[in-house]
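To keep things clear, I will list the structure first and then write my remarks on it.
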Amino acid sequence: MPVSSDNSATVFEALRPVFSNSNLAKIGHNLKFDLSILAEQGIDVAGKCYDTMLAHALIDPEQRHNLDTLSEDFLQYTTIRFSELIPEVKKGQPIDYSSVKPQALADYAIEDADVTLQLWELFKVKLEESGQAKVFYEIETPLLPVLVAMEREGILMNEATLVETGKSLEGHIETLRDSISAAAGREFNLNSPKQLGEILFDELKLVEKPKKTKTGQYATNEQVLSSLASKHPIVANILEYRQLTKLKSTYIDALPNSIDSVSGRVHTNYGQVQTSTGRLSSNDPNLQNIPVRSAQGREIRKAFIARPGWKLLSADYSQIELRILAALTEDEGLLTAFREGRDIHAATAAKIFEVPLNEVTREQRSTAKMVNFGIPYGISAFGLAQRLGTVSRTEAQEIINNYFAQFPGIPGYMLRMQDSAKAKGYVETITGRRRYLQDINSRNGTIRAAAERNAINMPIQGTAADMIKIAMVNVQNALVAQKLNTRMLLQVHDELIFDLDPNEEAAVRTLVTEGMKQALDLKCPIEIDIGLGNNWLEAH
DNA sequence: CCCCTCACG
DNA sequence: ACGTACGTGAGGGGC
């Protein structure tokens, strides 16, 4: 019997009783995909669902998680490749199964199920052995259907706003292009870093010894250009040109192509196994890097809107990584500052510059902010000096030394993480999520230092990731339990965005705040900021 | 397909 | 002597 869209409904109906039977557990590889397809067919999957891809992402987060590789690595068995069934699949095009022999298709599908089941038997043991059973069963597994729901919901965009912004940007870009060509003395492709480098350094000779990239090209990144801004007026125009064309090509021109023709909304895909720290990623389109820092960029945020008559609600964790740092290190100074509800950067400045809180200057606060930002990344004196721009490497080292002296829990924690990583080969979050650090004992100092920074950062970034994942499950369960219309739409690492039915505002504020705060029980208090608006910019 | 650059947390 | 803060995804150039 040929498999075609004509009888797919028959097939789905035949399978429906299996999927909706809550006594049957389901085991699959990349279940988010299968669950989305079934949901599209109106089939709600009941019963326990276990995903071998999610399991492997915990067992070995930096490895690849595709079924073919896992089968070879764990079962010493080479699977039938999809390309043997269908040689040429074009990206973005629907797959044509009509020419495939049903027996070949069946063999492929059956083998897939067989391999997955065998992997599950191995992986469920490894989850226990690595102490990650709770992360798997209580965080990643319950999160999966939440992500399916969010992806399917999508978010509404005001395309007209985007087009307007695009037109105004286009005019600006044209003007900049003209003045840059005039200043360069000839036309060139200013989207090409290679050509731009030749103009700036071979022709205009802005500096004696230009910085090169690792492949030997002239570096023309923002940091390099900013340092050259005083040398020639062309540079400021190039920087602005870069900024505006980035916004136009990556967001304004591209986002409308992602509006789904059926739903009229933009549906991102969340990657649940893409990062080494436990964060989600977002792609096709990436909705986790929508501009917000520049004025022109913020215009793009205005295009993300609530459904008619509704509001967007944004809830974000305030200073989540610093609070987690305080909780993990149990540093009394840091904990006290948060418990007393201080402006954390001002409080840090008061400590490291040894001045009363009310005498902290703006510069001191801004320096302290940079330190607070860098600490969870394994800051270096060089890095701090470079980012501050106003102090020498030696002075930066003094600031760091003062910080460590005033917050002694922090250097203690850093050493503990590095020692533990060297001894055990991995670090972990509060929930037990692991990251292996192969390079932690490398003889190459640069490589080893990078691994040491990972040892410091992963437990912090990863615990924040665990926390918001738990919160998402809490919040989704509460929305369903209270039969609310409000829908969770997006996650951006420390922020959740909702399409809010205005009649439900009070209930949603409460359940979101509580769901996020109570996700993990930490020694440091957790604060949630909530905003409301007609678009993402207003809500933020 | 890699490189460079740059958008976000 | 060297490189230098953690984690991502995407667009354009160029081979």
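To find a chain, count down the sequence lines: A is the first, B the second, and so on, and within it residues start at 1. A quick note: this is a predicted structure, and the numbers were derived from the prediction, not measured.
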Side chain of A:Y377 (C-beta onward), nearest among B:dC6, B:dC8, C:dA5: C:dA5

Integer angstrom distance from the P of C:dT4 to that of B:dC4: 13 Å

Distance, rounded to the nearest Å, where A:R301 contributes CZ and B:dC8 contributes P: 8 Å

Flag for A:D331-A:Y413: side-chain donor and acceptor within less than 3.5 Å: no

Interatomic distance, A:K369 NZ vs C:dA5 C1' [rounded to whole Å]: 16 Å

Distance below 4.0 Å between A:R453 side-chain N/O and C:dC6 OP1 or OP2: yes

Under 3.5 Å donor-acceptor pair, A:R387 side-chain atoms to C:dA5 base atoms: yes

Touch class at under 4.0 angstrom, heavy-atom based, for A:I290 against every strand present: sugar-phosphate

Atom-to-atom span, CZ of A:R298 to P of B:dA7 - whole angstrom: 13 Å

B:dC4 OP1/OP2 closer than 4.0 Å to side-chain N/O of A:T220: no

CD (A:E62) with more than 12 external heavy atoms under 6.0 Å: yes

Sugar-phosphate, base or nothing in reach of A:E321, heavy atoms under 4.0 Å: nothing

Spacing between A:E452 atom CD and C:dC6 atom P, to the nearest angstrom: 12 Å

Any donor-acceptor N/O pair, A:H345 side chain to A:R365 backbone, under 3.5 Å: no

Gap between atoms CD1 and C1', on A:I238 and B:dC4 respectively (whole Å): 15 Å

Any donor-acceptor N or O pair under 3.5 Å, side chains A:Q272, A:E140: yes

Sole residue of A:R279, A:R434, A:R433 in salt bridge (charged side-chain N to carboxylate O under 4.0 Å, His left out) with A:D466: A:R433

Interatomic distance where CG belongs to A:D466 and P belongs to C:dG7 [whole Å]: 16 Å

Same-atom distance (P) from B:dT5 to C:dA5, integer angstrom: 16 Å

Nearest listed nucleotide, side chain of A:R435, among C:dT8, B:dG9, C:dC6: C:dC6

Side-chain donor-acceptor contact under 3.5 Å, A:Y377 with A:N454: no

Per A:S276 side chain, nearest of listed nucleotides B:dC3, C:dG7, C:dG9: C:dG7

C:dG7 phosphate, OP1 or OP2, under 4.0 Å from A:T277 side-chain N/O: no

Contact pattern, 5' to 3', of nucleotides 10-15 of chain C - B, S or - by protein heavy atom under 4.0 Å: BSSSS-

Sugar-phosphate, base or nothing in reach of A:A464, heavy atoms under 4.0 Å: nothing

Polar pair under 3.5 Å, donor/acceptor by atom type, side chain A:Q461, base C:dC6: yes

Pair partner, C:dA1 [Watson-Crick or wobble, under 3.5 Å]: none

Donor + acceptor pair across side chains of A:Q243, A:S294 (<3.5 Å): yes

Touch class at under 4.0 angstrom, heavy-atom based, for A:R242 against every strand present: sugar-phosphate

Contact under 4.0 Å: A:R393 side-chain N or O vs C:dT4 OP1/OP2: no

Integer-rounded Å distance: B:dT5 P and A:L247 CG: 18 Å

Separation of atom CZ in A:R443 from atom C1' in C:dC2, rounded to whole Å: 19 Å

Nearest listed nucleotide, side chain of A:T275, among C:dG7, B:dC4, B:dG9: C:dG7

Side-chain donor-acceptor pair present, A:S392, A:E395, cut-off under 3.5 Å: yes

Sugar-phosphate only, base, or nothing, as touched by A:Q243 at under 4.0 Å among non-hydrogen atoms: sugar-phosphate

Donor on one side chain, acceptor on other, A:Q132 and A:S130, under 3.5 Å: yes

